[in-house]
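Heads up, the thing below is written out as structure tokens.
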Amino acid sequence: MKKFLTIICAAILLMACGSNEQQLRERAAELCQYIPDHELKKVSKDYMTPDFYNVLDTLFNHLPEHEAMDHEWLYYFVTGNGGTIADFEVAAVEQTDKTHAIATIMVRQKWEDGSLAEGTDVEEHKMEMELVDGQWLIADFDGHKQDCIRHIEINRKEQAVRKAISSRQERVQGGSDETRATARIDSFPIRKAINDKGKSCC
């Protein structure tokens, strides 16, 4: 009798695990539609953790437009500039603890008519998921969260340097010859900082 009960309990646990995994797969497939690529959809806010969305919102919507050209790869999560559309397939989902899971996503590039783009490979991506208030949300994608945070920090430092130079130049233009000469000497460390930053980033 005990052996029979053990078998029944094991079968119930297996069924529960299988059902949970299927639910995670279905949720992961739904979340794939909100992975940012070239743009961040406003509706994505409901499908991402607040911190991940805020980082992406800063990157996509609150940095100077020309910055995108210098760091294009941050804006192309699953496609490039070829005009293709990403086709997602959830290959597997591993729940690492009660509130975290990692989905393995296979991405194929297709044209608008649904045909596969020749010469493109099937790429594997990792989507981190977090359970927040009973809903599984995107918490990260291929580790891009930290990449974006670093880029934002660099951009803010560069803007601060540019602002300091602009302010100094304004004072120079409105000052005496002696003030202008002093400002040119004092501005050398700032110019050097920008040059050094440019060398380190390239």
Side-chain angles (χ1 to χ4, degrees), residues 20-159:
N20 185 54
E21 182 180 355
Q22 182 60 29
Q23 290 177 358
L24 279 174
R25 277 175 170 267
E26 292 175 357
R27 180 58 173 174
E30 181 182 7
L31 293 177
C32 283
Q33 308 307 313
Y34 302 95
I35 294 170
D37 193 60
H38 293 69
E39 66 174 343
L40 178 67
K41 300 175 183 177
K42 288 185 178 180
V43 70
S44 299
K45 186 174 184 178
D46 296 331
Y47 298 88
M48 296 179 180
T49 58
D51 56 338
F52 188 44
Y53 180 84
N54 289 336
V55 167
L56 295 180
D57 182 49
T58 300
L59 177 76
F60 279 84
N61 302 319
H62 299 285
L63 293 186
E65 290 184 8
H66 69 271
E67 296 293 338
M69 300 306 297
D70 297 330
H71 301 272
E72 286 182 305
W73 62 274
L74 285 175
Y75 298 83
Y76 304 154
F77 275 41
V78 287
T79 66
N81 264 331
T84 55
I85 299 172
D87 180 67
F88 300 95
E89 178 187 349
V90 179
V93 179
E94 177 187 1
Q95 187 168 351
T96 55
D97 58 39
K98 291 183 178 180
T99 58
H100 296 86
I102 299 176
T104 300
I105 312 295
M106 308 306 294
V107 179
R108 298 171 177 81
Q109 301 302 323
K110 290 186 176 182
W111 300 112
E112 290 187 359
D113 62 3
S115 61
L116 288 173
E118 296 182 4
T120 59
D121 298 324
V122 178
E123 296 182 350
E124 180 179 302
H125 298 272
K126 298 292 184 180
M127 181 172 65
E128 295 184 22
M129 302 164 60
E130 184 176 342
L131 187 63
V132 180
D133 296 331
Q135 290 286 332
W136 285 99
L137 306 175
I138 304 174
D140 200 355
F141 189 82
D142 282 347
H144 277 346
K145 181 179 177 180
Q146 286 303 316
D147 293 332
C148 294
I149 289 174
R150 282 192 293 269
H151 173 53
I152 292 168
E153 182 63 24
I154 290 172
N155 180 269
R156 285 174 174 168
K157 289 180 179 178
E158 289 176 347
Q159 288 190 53

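On a predicted model such as this, the values are computed, not experimentally measured, just so you know.
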Backbone N/O of T99 and side chain of D97: donor-acceptor pair under 3.5 Å: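 Checked: pair present.
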K126: salt bridge (charged side-chain N to carboxylate O under 4.0 Å, His left out) partners, not counting sequence neighbours: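 Per chain and number, K126 pairs via salt bridge (charged side-chain N to carboxylate O under 4.0 Å, His left out) with E124.
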Step-by-step side-chain contact (heavy atoms from CB on, under 4.5 Å) determination, R108 to L116: CA-CA 8 Å; R108 298 171 177 81; L116 288 173; 4.2 Å; yes
Residues R150 and E153 bridged, charged N to O under 4.0 Å: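 Answer for the salt bridge query: no.
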Ion pair D51/K145, N-O distance below 4.0 Å: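 Judged by the 4.0 Å cut-off on N to carboxylate O distance, D51 and K145 do form a salt bridge.
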Would you call [X] and [Y] a side-chain contact if the rule is heavy atoms closer than 4.5 Å?
X    : Y    : result
D87  : V107 : no
E21  : Q95  : no
V78  : F88  : yes
Y53  : L40  : yes
T79  : H38  : yes
R27  : V93  : no
L137 : E130 : no
T58  : R156 : yes

Qualifying residues under side-chain contact (heavy atoms from CB on, under 4.5 Å), relative to D46, sequence neighbours excluded: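 Testing D46 for side-chain contact (heavy atoms from CB on, under 4.5 Å), a comparison that skips the adjacent residues, returns none.
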So how far is it from [X] [atom1] to [Y] [atom2], rounded to the nearest 0.5 Å?
X    : Y    : atom1 : atom2 : answer
M129 : T96  : CE    : OG1   : 10.5 Å
L56  : I35  : CG    : CD1   : 11.0 Å
H62  : I152 : NE2   : CD1   : 10.0 Å
D140 : C148 : CG    : SG    : 8.5 Å
L24  : W136 : CG    : CH2   : 5.5 Å
L63  : D57  : CG    : CG    : 10.0 Å

Residue pair Q109 / T84, side-chain donor-acceptor N/O under 3.5 Å: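 A pair is found: one side chain offers a donor N or O, the other an acceptor, under 3.5 Å apart.
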Nearest atoms (heavy-atom pairs only) where [X] meets [Y]:
X   : Y    : answer
A92 : R25  : CA-NH2, 3.7 Å
C32 : I105 : SG-CD1, 3.7 Å
A28 : M127 : O-CE, 3.6 Å

Step-by-step side-chain contact (heavy atoms from CB on, under 4.5 Å) determination, E89 to V122: CA-CA 10 Å; E89 178 187 349; V122 178; over 6 Å; no
Ring pair (Phe, Tyr, Trp, His ring centres under 6.0 Å) contacts touching residues 93-129 (sequence neighbours left out):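 Found H125-F141.
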H144 and F77 aromatic ring geometry - parallel, tilted or perpendicular at 30°/60° bounds: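 Answer is perpendicular, since the angle exceeds 60°.
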Residue pair Y47, E30: steps toward the side-chain contact (heavy atoms from CB on, under 4.5 Å) verdict: CA-CA 9 Å; Y47 298 88; E30 181 182 7; 3.8 Å; yes
Residue D113 excluded, over 12 heavy atoms near CG under 6.0 Å: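 Result for CG/D113: enclosed.
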